[in-house]
Amino acid sequence: MAQALRPNTAGGLFATDGKAHPLQDTLLVVTLVLGITSFVTAQFHSLHLLSSWTGLIGIAAGAYGLWISVTTRERFGLIVGLGASGVGFFLGMAHGGLFGGV
């Protein structure tokens, strides 16, 4: 009857190990916020400085987060944030780059 006391978390997409991971969760949130900011600001040509820098920092934070991630939930969110950061970074670079060139 011991199996009835433990929840089965191995089968879900957002499975966790039941432990706290404050650094990984912080990097997940930072990567998602920077990725969304970079992606949204990349849609405006005049905001290329913001989109390229937030994209670059989001890529770095997401890469480090993937390196130390423990659970599938963390990796899933980091990949979404990395994708948004990458798109925002490259569009920001195409619109003028990191240092304001036209």
Side-chain angles (χ1 to χ4, degrees):
M1 288 304 224
Q3 68 272 17
L5 300 176
R6 290 183 288 173
N8 182 11
T9 59
L13 178 62
F14 298 114
T16 183
D17 58 357
K19 299 176 186 171
H21 303 113
L23 177 60
Q24 290 87 348
D25 291 339
T26 302
L27 285 170
L28 170 63
V29 170
V30 167
T31 303
L32 283 173
V33 168
L34 289 172
I36 291 168
T37 303
S38 178
F39 183 78
V40 170
T41 57
Q43 310 306 316
F44 304 98
H45 186 77
S46 62
L47 296 176
H48 62 88
L49 285 172
L50 181 61
S51 66
S52 59
W53 280 106
T54 55
L56 183 63
I57 296 168
I59 289 170
Y64 182 66
L66 276 176
W67 186 37
I68 65 170
S69 67
V70 178
T71 65
T72 303
R73 178 184 60 88
E74 294 162 357
R75 293 183 190 116
F76 180 80
L78 286 166
I79 290 294
V80 171
L82 271 169
S85 292
V87 169
F89 172 71
F90 287 123
L91 286 175
M93 292 299 288
H95 290 161
L98 293 167
F99 300 107
V102 178

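What you are looking at is a predicted structure, and each value in this text was computed from that prediction instead of being measured. Quick note: residue numbers are just sequence positions, from 1. Any value given below was found using the heavy atoms of this structure, including those in side chains, with hydrogens, waters and symmetry copies removed.
In this structure, OG in Ser38 is found 7.5 Å from CG in Leu50, a value given to the nearest 0.5 Å. One distance of note links CG of Leu47 with OG1 of Thr54; it measures 9.5 Å at 0.5 Å rounding. In this structure, Trp67 CH2 and Leu78 CG are separated by 14.5 Å, a value rounded to the nearest 0.5 Å. Rounded to the nearest 0.5 angstrom, Thr71 OG1 and Phe76 CZ are separated by 12.0 Å. Thr31 OG1 to Ile59 CD1: the interatomic distance, rounded to the nearest 0.5 Å, is 10.5 Å. Note that CZ of Phe90 is 11.5 Å distant from OG of Ser52, once rounded to the nearest 0.5 Å.
Residue Leu91 comes nearest to Ala42 through the heavy atom pair CB-CB, 3.7 Å, listed as atom of the first residue, atom of the second, then distance. The shortest non-hydrogen separation linking Gly35 to Ala84 is O-CB, 3.4 Å.
Although no hydrogens or angles enter the test, the distance criterion places a donor-acceptor pair under 3.5 Å between the side chain of Ser69 and the main chain of Leu66. In this structure a side-chain-to-backbone donor-acceptor pair under 3.5 Å is present from Gln24 to Ile68. A donor-acceptor pair under 3.5 Å is absent between the side-chain atoms of His95 and the main chain of His48, judged by distance alone.
Atom CZ of Phe39 has 12 or fewer heavy atoms from other residues, nucleotides or ligands within 6.0 Å.
The hydrophobic cluster containing Trp53 also contains Phe89, counting ILVMFWY residues as joined when their side-chain heavy atoms lie under 4.5 angstrom apart, directly or transitively. No continuous path of ILVMFWY side-chain contacts below 4.5 Å connects Val33 to Leu27, so the two sit in separate hydrophobic clusters. Grouping the Ile, Leu, Val, Met, Phe, Trp and Tyr side chains by contacts below 4.5 angstrom, directly or via other members, places Val30 apart from Leu28.
In this structure, the side chains of Leu49 and Leu98 stay at 4.5 Å or more apart for every pair of heavy atoms.
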